[in-house]
Amino acid sequence: MSTLFAAADKENNSLTPNILSMEKNLKFSNLNRDSLIKSMGKDPFDLVVIGGGITGAGIALDASSRGLKVALVEKGDFASGTSSKSTKLIHGGLRYLKQFDFWLVKEVGSERAIVHKLAPHLVLPEKMLLPLIEGGSYGKWLTSIGLKVYDILAQVSGDDKRQMLEKKEALALEPLLPKKILKGAGFYAEYRTDDARLTIENIKTSLRYETKALNYAEVKEFLYNDEKVSGVKVIDRIGGKEFEIKSKYVISAAGPWVDELRSVNNSKKGKRLHLTKGVHLVFPHEKLPVRQSVYFDVPDGRMIFAIPRGRVTYVGTTDTNYDLDKDHVTTDLADAIYLISAVNNMFPKIELELEDIESSWAGLRPLIHEEGKSTSELSRKDEIFTSDTGLISMAGGKLTGYRKMAERVVNRVARKMKEDYDLDIEESRTAKIPLCGTDFKKFKHVKKYIEEVFERLELDGFSEYDAWFLVTNYGKQTEIILENYAVLKDKDPHIRMIKAELQFGIDYEMVTNPMDFFIRRTGRLYFDIHSVRSLLEVVLDEFTRIFKTDKDQIALWRSALEKELEEHSNFSVDRI
Ligand SMILES: Cc1cc2nc3c(=O)[nH]c(=O)nc-3n(C[C@H](O)[C@H](O)[C@H](O)COP(=O)(O)OP(=O)(O)OC[C@H]3O[C@@H](n4cnc5c(N)ncnc54)[C@H](O)[C@@H]3O)c2cc1C
């Protein structure tokens, strides 16, 4: 195991300022792609992880911090599958109580506070309002008991315990609620995050323990030794070359693609995946000015979130069967109309229209099929399949439960290592490993740091939102971006800042193309889509300068981004 961070882990379970400078030594850049590929093909690993979504990222951190030598490969960008398309909540899943999934609620409910502690700048407290409506599916008495059970299962304490609100109190918190039919509300604690950033920070944290991770690297086949999986054949989707990674064990954390890899391994039998699509729409906050997050039921019995976030509000989600192209999941007109009607129905003063949609995203839940169950009845529990040839696959689960999922599957590898090699590995300790960017002990320190960053940037014309964005995206790594910013010479501070941010992404976060940057490292395509339009050319020019990218490639990226902008935001009737 790397000794670099071990001392810090042991001493105070927190990053010291010195460690931020050590993190600067951990470059994670496609500028070093060739040597990274070479090192992956050289010595055998203990474990190869297929898939750089939250499941694979969590496994890489758990396994490497327990002393295993780990390689992770991702066929697209990190978090380009489901893990950038969730509702972005670290939540207990109140609705699973209705399905009597107590075990799931207990595990993910308890995980919320742990994950918040590991990255308080990235997993932010978010109070949730559950309105009780005449004719709605939630009565006062049952909701009160349900939320109480939720608190008990998740061991919620102090101010975070649920409150039952009278109609007047609920309206004071959220005046947009339907006054005529409102009976009161439940009010309880959850957390909000950025799923793609949670994924990349887990991967980066695992680099401290010497994980080798590569994006745009697709597993095409398995290597076998005595009919047992002994590694993977990978195609580098950038350079085009094939290479092999040898390993004692292979875990497929390929999300919606798990069954495809089981087919490659000739082991797709028994349980199988059931994919359901979920869509979110983003509106300018002034069009849907909710003051706070609301979780409401719609006439068909589903539940929808409306979540304010910076300059926008997003709503979701749908839950429909899906069997089309997994690499290109889009929001249909029917999805958009469904969500807009649900919102307009719940908030009588709001009259959203298709033209108001600023952005959107659609993702697939990799759930386990259960005969005769509807999409929303399918359990969100995770499962592990081990094939006769030893391929371990993990599917199902939730973003919130990633840490425990990782621990469970690595425990299985530990048992195998004992059987096969008589080797012992340590217990999981990820509950005590702060993620990259964190040296905040409490959320109040995050808030203080946002104020500090704002004070430093205010004179250059940056807003409180800009400071909030930097800190909730990058935590203390904001310092590295501000160092980049300080040496740039462009007149316009916003141009300087985007260049500084991009340089950080290229040096430390494996940003390979403008989509990685605008969609998954910064979330701008979803939450600040206008900035993508205005900054696109600056970012393309920076790619030319830093990577010496040729004109044809730049033209391809420009049109790919324009397509993304169109697909995510244009729901006008003439497009459809
Ligand atoms: C609409 C929606 C809302 C959700 N909301 C929440 C929420 O608010 N909170 C919550 O806790 N959970 C939520 N979830 C669930 C959560 O998002 C998922 O459980 C989680 O993101 C799944 O992560 P994963 O890593 O297993 O899959 P993915 O993120 O899809 O990762 C799998 C990765 O494997 C890669 N891959 C596939 N094949 C190969 C190959 N051959 N070689 C290399 N790489 C490969 C893919 O490119 C992909 O990036 C939501 C899910 C959806 C769809």
Side-chain angles (χ1 to χ4, degrees), residues 48-60 71-93 95-96 104 107-109 111-112 115 123 126 190-196 198-199 202-203 213-222 232-237 245 250-265 273 275-280 295 305 307 314 316-320 322 326-327 329 331 335 360-367 375 380-382 393-403 405-406 409 520:
V48 166
V49 181
I50 308 173
I54 191 65
T55 308
I59 294 169
L72 179 146
V73 278
E74 160 56 54
K75 77 180 169 115
D77 184 27
F78 301 121
S80 58
T82 304
S83 299
S84 52
K85 288 140 190 170
S86 74
T87 310
K88 306 177 195 296
L89 289 175
I90 295 296
H91 66 152
R95 112 187 149 72
Y96 310 131
L104 180 69
E107 178 168 295
V108 291
E111 276 301 288
R112 295 176 302 181
V115 185
V123 179
E126 182 77 36
E190 298 280 24
Y191 295 88
R192 198 190 67 203
T193 190
D194 184 299
D195 43 9
L198 189 63
T199 304
N202 265 278
I203 292 174
L214 188 67
N215 53 2
Y216 299 98
E218 180 169 5
V219 168
K220 286 290 191 190
E221 278 180 55
F222 294 97
V232 290
K233 259 192 197 167
V234 182
I235 175 119
D236 169 12
R237 288 176 71 172
I245 309 177
V250 176
I251 299 180
S252 162
W257 295 265
V258 153
D259 275 353
E260 267 163 37
L261 282 163
R262 290 168 83 206
S263 295
V264 174
N265 178 242
L273 290 196
L275 303 183
T276 79
K277 183 173 86 162
V279 159
H280 291 84
Y295 185 40
F305 290 101
I307 303 176
Y314 66 97
T317 169
T318 57
D319 198 357
T320 51
Y322 189 83
K326 292 193 270 294
D327 288 303
V329 189
T331 304
D335 301 321
S360 65
W361 66 89
L364 298 177
R365 299 177 185 84
L367 305 176
T375 50
R380 268 54 179 168
K381 271 205 288 271
D382 56 280
S393 306
M394 182 165 229
K398 306 266 310 159
L399 180 78
T400 309
Y402 79 91
R403 211 188 54 79
M405 287 168 68
V409 74
R520 289 163 293 272

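Ligands are counted one by one from 1 in listed order, and the atoms in each one are counted from 1 as well.
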### Task
State the atoms of ligand 1, each with its element, that fall below the 4.0 Å cut-off from a heavy-atom position in Val73.
43 (C), 44 (N)
#### Entry: From the candidates Ser86, Gly51, Ala254, Ser252, the one that places a heavy atom nearest atom 32 (C) of ligand 1
Ala254
### Message
Below a 4.0 angstrom heavy-atom separation, can you tell me which part of Leu364, side chain or backbone, both or neither, approaches ligand 1?
### Response
backbone
### With sequence neighbours excluded, residues passing ring pair (Phe, Tyr, Trp, His ring centres under 6.0 Å) with Phe78
Phe28
### Region of Val219 engaging ligand 1 - heavy atom pairs below 4.0 Å
both
### Message
Is the contact between Glu260 and ligand 1 made by the side chain, the backbone, both, or neither, using heavy atoms and a 4.0 Å cut-off?
### Response
neither
### Query
Among protein heavy atoms, which sits nearest to atom 48 (C) of ligand 1, and what does the distance come to when rounded to 0.1 Å?
Glu74 OE1, 3.4 Å
### Query
atom 23 (O) of ligand 1: which protein heavy atom is closest, and how many Å away?
Ser83 OG, 3.1 Å
### Query
Under 4.0 Å from ligand 1, counting heavy atoms only, is it the side chain of Asp195, its backbone, both or neither?
neither
### Query
Can you tell me the protein heavy atom closest to atom 43 (C) of ligand 1 and the distance?
Lys75 N, 3.2 Å
### Task
Give the atoms of ligand 1, by number and element, whose distance to some non-hydrogen atom of Gly397 is under 4.0 Å.
19 (O)
### Summary
Sorted by chain and number, sequence neighbours left out, ring pair (Phe, Tyr, Trp, His ring centres under 6.0 Å) with Tyr322 holds for none
### Query
Should His280 be listed as contacting ligand 1, given a heavy-atom distance under 4.0 Å as the test?
yes
### Query
Under a heavy-atom criterion of less than 4.0 Å, does Ala217 contact ligand 1?
yes
